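Below is one structure, written out as structure tokens, with a few remarks after it.
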Protein chains: 2
Amino acid sequence: MVEHNAARLDDTFHALADPTRRAMLRSLSLHERSVGELAAPFQMSLAAASKHIKVLERAGLVRREVKGRTHVCRLDAAPLSDIQEWLRYYEQFWGERLDMLEALLRADTPTPPSAPTPRKKGRLR
Amino acid sequence: MVEHNAARLDDTFHALADPTRRAMLRSLSLHERSVGELAAPFQMSLAAASKHIKVLERAGLVRREVKGRTHVCRLDAAPLSDIQEWLRYYEQFWGERLDMLEALLRADTPTPPSAPTPRKKGRLR
DNA sequence: GTTATGTTCAACCATGGGGTTGAATATAGA
DNA sequence: TCTATATTCAACCCCATGGTTGAACATAAC
């Protein structure tokens, strides 16, 4: 129940905390791409893009196959699934919030705002 | 459809890319906590813990209410919901991967899929 | 008022991140 | 073989991050 693979989560979250890298993932979700192709949309050196790709690889989000002189990169979404798993625990909290909203919308009697609605374990989704 | 609030995602992902901060979130998911209570489990200075909390606040994951001399922190899971939203796009890929696996397991024969037949040397891709 | 408690602030340090450039490596093609 | 293409490597720069310490601030308690 406690975070088992913390370092893994560290790497994945860190990899995602950069717009360039997220854009690369998005690109890879359409086609597999060479390093050069991945780097093309960004105005940064190829070396810089290469570093980004390495960060994605370290997080397990990208796999690389060397084909002659070009390196072909493919998306591997598995770590994203791990993140979603991690997030699942917190779903109850926005679920709970939605329940409170629902309760507010449903309350035709104007309850004073100083009295917060007691949290009740609500149904999720 | 394109990432609208990239900076927001940056902050949230970055906040989550640290085990101390994730542990703090987990703690806040149980009770609201003062800064001191949040810091207690970790062997780092209070100042360091305070910085972590600030990172969480910057990402909108924690809200703080100053009550006398103690600062009470509460979880706000909304940014996590944004992340889940961002992840949703990629669900197709682990879904797709499962589909491909299923297809591989099922489609060893050139005959229609209804025939459960012994295997044949399958070329991948 | 004085003291104790809860928290931040400021300065500092070490490390790593994201960027650059220029050279090195490996392969494809003439 | 010679050259062009694809990519990495190494060195460097600047700045953010995560940690420290000691002082400052605000409030509670005596």
Side-chain angles (χ1 to χ4, degrees), chain A residues 3 6-28 31-75 79, chain B residues 3 6-28 31-75 79:
Chain A
E3 250 173 48
R8 187 73 176 180
L9 284 177
D10 286 5
D11 285 346
T12 309
F13 278 126
H14 170 244
L16 296 178
D18 182 289
T20 300
R21 291 193 289 262
R22 290 197 303 275
M24 285 177 166
L25 285 188
R26 199 50 82 108
S27 170
L28 287 176
H31 309 286
E32 60 184 37
R33 308 232 189 241
S34 73
V35 170
E37 288 168 344
L38 267 181
F42 308 100
Q43 36 176 49
M44 68 178 63
S45 69
L46 208 62
S50 177
K51 283 188 191 175
H52 280 300
I53 296 171
K54 240 167 263 181
V55 172
L56 291 169
E57 265 188 300
R58 185 144 156 285
L61 287 162
V62 161
R63 283 184 35 215
R64 173 192 312 235
E65 183 189 355
V66 179
K67 248 177 180 165
R69 64 183 167 185
T70 82
H71 297 201
V72 176
C73 299
R74 292 194 196 78
L75 174 65
Chain B
E3 252 173 46
R8 187 74 175 181
L9 285 177
D10 286 4
D11 285 346
T12 308
F13 277 126
H14 170 244
L16 295 178
D18 181 289
T20 299
R21 292 193 288 263
R22 290 197 302 274
M24 286 177 165
L25 284 188
R26 199 50 82 109
S27 170
L28 288 175
H31 310 286
E32 61 184 36
R33 309 235 189 236
S34 72
V35 170
E37 288 168 343
L38 267 181
F42 308 100
Q43 36 178 48
M44 68 177 63
S45 71
L46 209 60
S50 177
K51 283 187 190 176
H52 279 300
I53 296 172
K54 240 167 263 181
V55 172
L56 291 169
E57 266 188 299
R58 184 144 157 284
L61 287 162
V62 160
R63 284 183 34 214
R64 173 191 312 235
E65 182 189 356
V66 180
K67 249 176 178 164
R69 65 184 165 183
T70 82
H71 297 203
V72 176
C73 299
R74 291 195 197 76
L75 174 65

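So you know, we letter chains A, B, ... as the sequences are listed, proteins then strands, and number each from 1. Quick caveat, the model's predicted, so the values are computed rather than measured.
Across all strands, A:S34 comes closer than 4.0 Å only to sugar-phosphate atoms, never to a base (heavy-atom distances).
Atom CG in A:D10 sits roughly 15 Å away from atom C1' in C:dG17 (whole-Å rounding). Atom pair A:E37:CD and D:dA6:P shows a separation of 9 Å (rounding to whole Å applied). Rounded to a whole Å, the CZ atom of A:R21 is 8 Å from the P atom of C:dG19. Atom P of nucleotide C:dG6 and atom CZ of B:R33 are separated by 15 Å, given to the nearest angstrom. If you take CZ of A:R58 and P of C:dG16, they are 10 Å apart, rounded to a whole angstrom. Between the CZ atom of B:F13 and the C1' atom of D:dT17 there is a distance of 19 Å, rounded to whole Å. The NE2-P distance, from A:H71 to D:dT5, rounds to 17 Å in whole Å. With rounding to whole Å, B:D18 atom CG is found 14 Å from D:dA16 atom C1'.
Under the 4.5 Å side-chain criterion, counting only non-hydrogen atoms from C-beta, B:I53 is not in contact with B:H71.
Listed pair B:S45 / D:dT20 meets the phosphate criterion, a side-chain N or O lying under 4.0 Å from OP1 or OP2.
The structure places CG of B:L25 at 12.0 Å from NE2 of B:H52, a figure rounded to the nearest 0.5 Å.
Side-chain proximity of B:A48 to C:dT20, D:dG19, C:dT7: nearest is D:dG19. Distance from the side chain of A:A47 is smallest for C:dT20 among the nucleotides D:dG18, C:dT20, C:dG17. You'll find that the side chain of B:K54 is closest to C:dC9, out of D:dT7, D:dG19, C:dC9. Relative to the side chain of B:V55, the nucleotides D:dT20, C:dG19, D:dG18 differ in distance, and D:dG18 lies closest. Listed nucleotides: C:dG17, D:dT7, C:dG19. Nearest to the side chain of A:H52: C:dG19.
Contact annotation: side chain of B:K51 to base of D:dG19, donor-acceptor pair present below 3.5 Å. For A:R69 against D:dT5, a side-chain N or O and a base N or O form a donor-acceptor pair under 3.5 Å.
With hydrogens and angles disregarded, a donor-acceptor distance shorter than 3.5 Å links the side chain of A:R22 to the backbone of A:L16. Proximity of a side-chain donor or acceptor of A:R21 to a complementary backbone N or O of A:A15 within less than 3.5 Å is detected.
When the nearest nucleotides of DNA chain C are assigned to A:H14 and A:M44 by heavy-atom distance, the more 5′-ward of the two goes with A:H14. Heavy-atom nearest nucleotides on DNA chain C were determined for A:L46 and for A:K67, and the one closer to the 5' end corresponds to A:L46.
Residues B:E32 and B:E37 approach most closely at O-OE1, 4.2 Å, considering heavy atoms.
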